[in-house]
Amino acid sequence: MTVVRVRFAPSPTGELHVGGARTALFNWLFARKMGGSFILRIEDTDVERSSKIYERSIMESLKWCGLLWDEGPDVGGNHGPYRQSERVKEGLYRSYAERLVESRQAYYAIYDPEDREKQIGISDTYPEREIQHGCSVTVKFRIPKGGYTEFNDILRGRIRFENSSLEDFVILKSNGFPTYNFAVVVDDHLMGISHVIRGEDHISNTPKQILLYEAFSWEIPEYLHLPLILGNDRTPLSKRHGATSVEYFRSKGFLSTALMNYLALLGWNVGEEEQIFLIDDVIERFEPHDLSNKNVIFDHQKLEWVNGKHLRMLAREQVRDAFKDFLAYTGRKEYLEKVEMDDFAEDVIEICRQKVNTLEQLADFAYPFFFDDYEYENNYVEKYLQDEKAGVIISEALKLFENLKDWTVEGVEKVVRGLPEHLEISKKKVFQTLRGAVMGRLVTPGLFETISVLGKKRVLERLRRTMKMVEG
RNA sequence: GCCCCCAUCGUCUAGCGGCCCAGGACACUGGCCUUUCAAGCCAGAGGCAGGGGUUCGAAUCCCCUUGGGGGCGCCA
């Protein structure tokens, strides 16, 4: 049995995209299931576009997702370095490229000094003279004439390409950096990668890579190409569809457990009609063959539904921690302090999470619990506060609450329930008037829970304040 | 243009020749519950892209068409 070693190899030219996160997730899942290793390799061979900022951001997102790697640029490992730019410095790719030149499987391509695009000749030996004349030079791989190249894809079976449909391609750029197709092969081989799990957009690259493996007489890994994630207009998911990066979902108040759950759901049928799960609980059930090979459309609504489920399913401390992470991540310092300081925060979260789907919604929904500067909705003012009965309702409630000792949900309920009949005012009017009086809005958690959690002091203060508005 | 991949409700999927006049989930519609809004529960509407084969029998196998996606860079 071969040791499973898989990798996720992002290029740091942007934030971690949900498609990338899904690729990373399935790689990670497979490694965990098989007791193998999950490796993070940074493919920063595009000097122009790569940046450290994105590298850090991708790693941060991956960590937030819970997709931790066993080997990588920060944690090290026996197959490093894990940044291609660092491997370039070791002369790695150049020496392998030269090996191919020596065996005539690659050659030097020489370009016009005036026009870098224009190839003016080729050479089997290092074209020293041309270089002195200002020509730039690359190393190109020679596609064998005739025949075909085929490989097995775990999801699709054998895929065959006629070699005649392939063209010689650059493996070493004129700046000495390897191209993608060359670097992956060299690195995957040197890093002992057993299974290559990546996006479907790489299918067409695979024959070139196979040819490279064959040129080196290296063992070819197993391949699995994942279908792509598209937007609702069936074009590849991009910024045009609004949300795409993991960062975005984090800042929008999604839970990482829910994001992973949804991403897994996208193309993987966990079985038994199961939709909601924690990724850790489902590792054993992961089977690459079960993955769908059909492109999928990203469904924000379902993600939100999954998120709501997780919000209600997780332990309350977990939700509290996630909420704090969200507040910190989105820079809401004051709010974060409140949640950290107020001992009733967990109770607030508990009664609010029943009604919302995201942490962002939670922040809005719970706001009046933590802050006194909330505003009174126009709706409430016009419909209830300006009603002639408002004063009676609030003053009567105030009187009863002032004397109330039992501030439990049951105790509060008893008092509030008695009011409509006692005042001979409709239940709805009484409840809504009170709801708005203590929260400023008409949509809140259950009234009794709200009043109970708010506590006697706050409730009395707020009732008095609202009363002043009625009178004044 | 050439090469490759894919095709079940709007979306994600179950189905791998008879159990399917196609099952589940999200969304949608209606109802129940109810102090608001949700949640929850119940019900409903909605699909095998089209055409040829193969077979006693096809969503399932084969071919063609159509449609969607990917690739053909000194990007990854």
Side-chain angles (χ1 to χ4, degrees), chain A residues 9-14 43-50 84 109 111 116-117 119 136-140 153 155-156 159-162 164-167 169-184 198-208 225 227-228 230 232-236 262 265-276 292-306 308-309 311-312 352-357 361 365 379-380 413 416-417 420 426-436 439 441-450:
Chain A
S11 66
T13 54
E43 309 217 324
D44 53 354
T45 54
D46 185 337
V47 218
E48 305 279 295
R49 296 195 300 147
S50 296
Q84 288 182 332
Y111 302 83
R116 281 177 46 108
E117 308 281 295
Q119 188 176 317
S136 59
V137 165
T138 65
V139 177
K140 276 179 126 177
D153 182 283
L155 297 183
R156 300 156 222 268
I159 298 177
R160 171 189 293 199
F161 290 81
E162 295 296 328
S164 58
S165 70
L166 270 24
E167 282 176 12
F169 59 95
V170 174
I171 57 177
L172 206 67
K173 307 178 198 176
S174 56
N175 67 1
F177 276 65
T179 57
Y180 166 75
N181 282 121
F182 188 59
V184 220
R198 77 223 308 191
E200 189 184 277
D201 48 340
H202 288 293
I203 289 182
S204 307
N205 287 321
T206 311
K208 294 178 186 170
H225 290 94
L228 269 23
L230 309 178
N232 43 13
D233 57 357
R234 296 214 157 268
T235 63
Y262 176 67
L265 226 39
L266 219 50
W268 178 30
N269 191 259
V270 181
E272 290 133 77
E273 286 155 24
E274 216 165 330
Q275 304 277 322
I276 302 300
S292 157
N293 57 4
K294 200 183 104 186
N295 285 171
V296 292
I297 291 174
F298 195 84
D299 184 348
H300 287 264
Q301 283 182 308
K302 187 150 185 177
L303 201 215
E304 192 173 316
W305 173 75
V306 171
K309 286 285 194 184
L311 212 49
R312 269 158 245 129
C352 288
R353 69 162 160 174
Q354 308 302 328
K355 316 245 172 190
V356 297
N357 285 330
Q361 291 164 12
F365 203 63
N379 239 351
Y380 170 65
E413 175 163 5
V416 178
R417 280 225 190 268
S426 80
K427 205 196 289 186
K428 180 167 179 173
K429 190 175 278 187
V430 172
F431 281 41
Q432 289 298 72
T433 301
L434 290 180
R435 190 190 306 282
M439 296 289 280
R441 45 174 89 176
L442 293 172
V443 177
T444 77
L447 224 210
F448 319 134
E449 288 89 337
T450 298

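Here is how names work: the chains are called A, B, and so on, in the same order as the sequence lines, proteins then strands, and each is numbered from 1. Being a predicted model, the structure only gives us computed values, none of them experimental.
Counting heavy atoms from C-beta on, the side chains of A/W305 and A/I276 come closer than 4.5 Å. Two residues are said to be in side-chain contact when any heavy atoms from C-beta on lie closer than 4.5 Å; A/V443 and A/R435 fail this criterion. A/R417 is listed as a side-chain neighbour of A/F448, based on a closest heavy-atom distance under 4.5 Å. Proximity of A/V416 to A/L447: side-chain heavy atoms (C-beta onward) are separated by under 4.5 Å at one or more points. Counting heavy atoms from C-beta on, the side chains of A/K355 and A/F365 come closer than 4.5 Å. Residues A/F177 and A/L172 form no side-chain contact, since every pair of their non-hydrogen atoms from C-beta on lies 4.5 Å or further apart. Looking only at side-chain heavy atoms (C-beta outward), A/K302 and A/Q275 come within less than 4.5 Å of each other.
Toward the 5′ end of RNA chain B lies the nearest nucleotide of A/N357, the other residue of the pair A/N357 and A/P10 mapping further downstream.
Among the atoms of the strands shown, none is found under 4.0 Å from any heavy atom of A/R441. Residue contacts for A/Q354: at a heavy-atom cut-off of 4.0 Å it reaches a base atom on one of the strands shown. Residue A/S136 is classed as a base contact, given a heavy-atom separation below 4.0 Å to a base. At a threshold of 4.0 angstrom between heavy atoms, the contacts of A/T13 with the nucleic acid are absent. A/Y111 comes within contact range of at least one nucleobase, with a heavy-atom separation under 4.0 Å.
Straight-line distance between the P atoms of B/G68 and B/A27: roughly 29 Å, to the nearest whole Å. Remark: the separation of the P atoms in B/C26 and B/A43 is 13 Å, to the nearest Å. Nucleotides B/C63 and B/A7 have their C1' atoms positioned 16 Å apart, rounded to a whole Å. Separating the P atom of B/C64 from that of B/C6 is a span of 14 Å, rounded to the nearest Å. Taking the C1' atoms as reference points, B/C32 lies 27 Å from B/G10, given to the whole Å. Using atom C1' as the reference point in both B/G69 and B/U60, the two lie 24 Å apart (nearest Å). Atom name C1', nucleotides B/G15 and B/C48: the rounded distance is 10 Å, in whole Å. Rounded to whole Å, the C1' atom of B/A25 lies 11 Å from the corresponding atom of B/A14.
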Atom pairs under 3.5 Å, N or O on each side, protein against nucleotides 42-44 of chain B: can you list them with distances?
none

For nucleotides 32-36 of chain B, print each protein N/O atom paired with a nucleotide N/O atom at under 3.5 Å, atom names and distance only.
residue : atom : partner : partner atom : Å
B/U35   : OP1  : A/R417  : NH1          : 3.4
B/U35   : OP1  : A/K427  : NZ           : 3.3
B/U35   : O2'  : A/R435  : NH2          : 3.4
B/U35   : O2   : A/R435  : NH2          : 2.4
B/U35   : N3   : A/L447  : N            : 3.4
B/U36   : O4'  : A/Q432  : OE1          : 3.4
B/U36   : O4'  : A/Q432  : NE2          : 3.4
B/U36   : O2'  : A/L442  : O            : 3.3
B/U36   : N1   : A/R435  : NH2          : 3.4
B/U36   : O2   : A/L442  : O            : 3.2
B/U36   : O2   : A/T444  : N            : 3.1
B/U36   : O2   : A/T444  : O            : 3.3
B/U36   : N3   : A/R435  : NH1          : 3.4
B/U36   : N3   : A/T444  : O            : 2.8
B/U36   : O4   : A/K355  : NZ           : 3.3
B/U36   : O4   : A/G446  : N            : 3.4

Can you tabulate the close N/O pairs, meaning under 3.5 Å, that link protein atoms to atoms of nucleotides 25-30 of chain B?
residue : atom : partner : partner atom : Å
B/A25   : O2'  : A/Q275  : OE1          : 3.2
B/A25   : O2'  : A/K302  : NZ           : 3.4
B/A25   : N3   : A/K302  : NZ           : 3.4

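Taking OG1 from A/T235 and CD1 from A/I297, the interatomic distance works out to 9.5 Å, rounded to the nearest 0.5 Å.
A centroid separation of less than 6.0 Å is found between the aromatic rings of A/Y262 and A/F298.
Applying the Watson-Crick and G-U wobble criteria (two distances, each under 3.5 Å), B/C74 pairs with nothing in any strand. Taking a pair to require two hydrogen-bonding distances under 3.5 Å in either a Watson-Crick or a G-U wobble arrangement, B/C26 pairs with B/G10. When Watson-Crick and G-U wobble pairs are counted only if both distances are under 3.5 Å, B/C37 pairs with no nucleotide at all. Both distances falling under 3.5 Å, in either a Watson-Crick or a G-U wobble arrangement, occur for no nucleotide opposite B/G46.
When rounded to the nearest whole Å, the span between NZ of A/K294 and C1' of B/C12 equals 8 Å. When the C1' atom of B/U8 is taken as reference, atom CG of A/N293 falls 14 Å away, rounded to whole Å. Summarising the geometry, the separation between CH2 on A/W268 and P on B/C12 is reported as 19 Å, rounded to the nearest angstrom. Going from atom CD of A/E43 over to atom P of B/A76 covers 9 Å, rounded to whole Å. Between the P atom of B/U11 and the CG atom of A/N269 lies a distance of 17 Å, rounded to the nearest Å. One atom, CZ of A/R353, and another, P of B/G40, lie 13 Å apart when rounded to the nearest Å. In this structure, the CD atom of A/E162 is 16 Å from the C1' atom of B/C72, given to the nearest Å. In this structure, the CZ atom of A/F298 is 13 Å from the P atom of B/U13, given to the nearest Å.
Remark: side-chain polar atoms of A/T450 are paired, donor with acceptor, to backbone N or O of A/P445 under 3.5 angstrom. A distance-only check finds no donor-acceptor pair linking the side chain of A/E304 to the backbone of A/H300 [under 3.5 Å]. Side-chain N or O atoms of A/K173 include one that pairs as donor or acceptor with a backbone N or O of A/T45 at under 3.5 Å.
In this structure A/D46 satisfies the salt bridge (charged side-chain N to carboxylate O under 4.0 Å, His left out) test together with A/R49, sequence neighbours excluded. By the side-chain hydrogen bond (donor to acceptor under 3.5 Å, both in side chains) test, A/Q354 pairs with no residue at all, sequence neighbours left out.
Residue A/L266 places its side chain closer to B/C12 than to any other of B/C4, B/C12, B/A14. Relative to the side chain of A/S292, the nucleotides B/A76, B/C75, B/U13 differ in distance, and B/U13 lies closest.
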| query | Which parts of nucleotides 58-71 of chain B does protein reach within less than 4.0 Å, heavy atoms only, written one letter per nucleotide 5' to 3' as B for base, S for sugar-phosphate only and - for none? | reply | ----------SSBS
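Look at A/D153 and A/R156 and you find a salt bridge, because one of the NZ, NE, NH1 or NH2 atoms lies within 4.0 Å of a carboxylate O, short of that distance. Between A/E167 and A/K140 no salt bridge is recorded (no basic side-chain N to carboxylate O distance below 4.0 Å).
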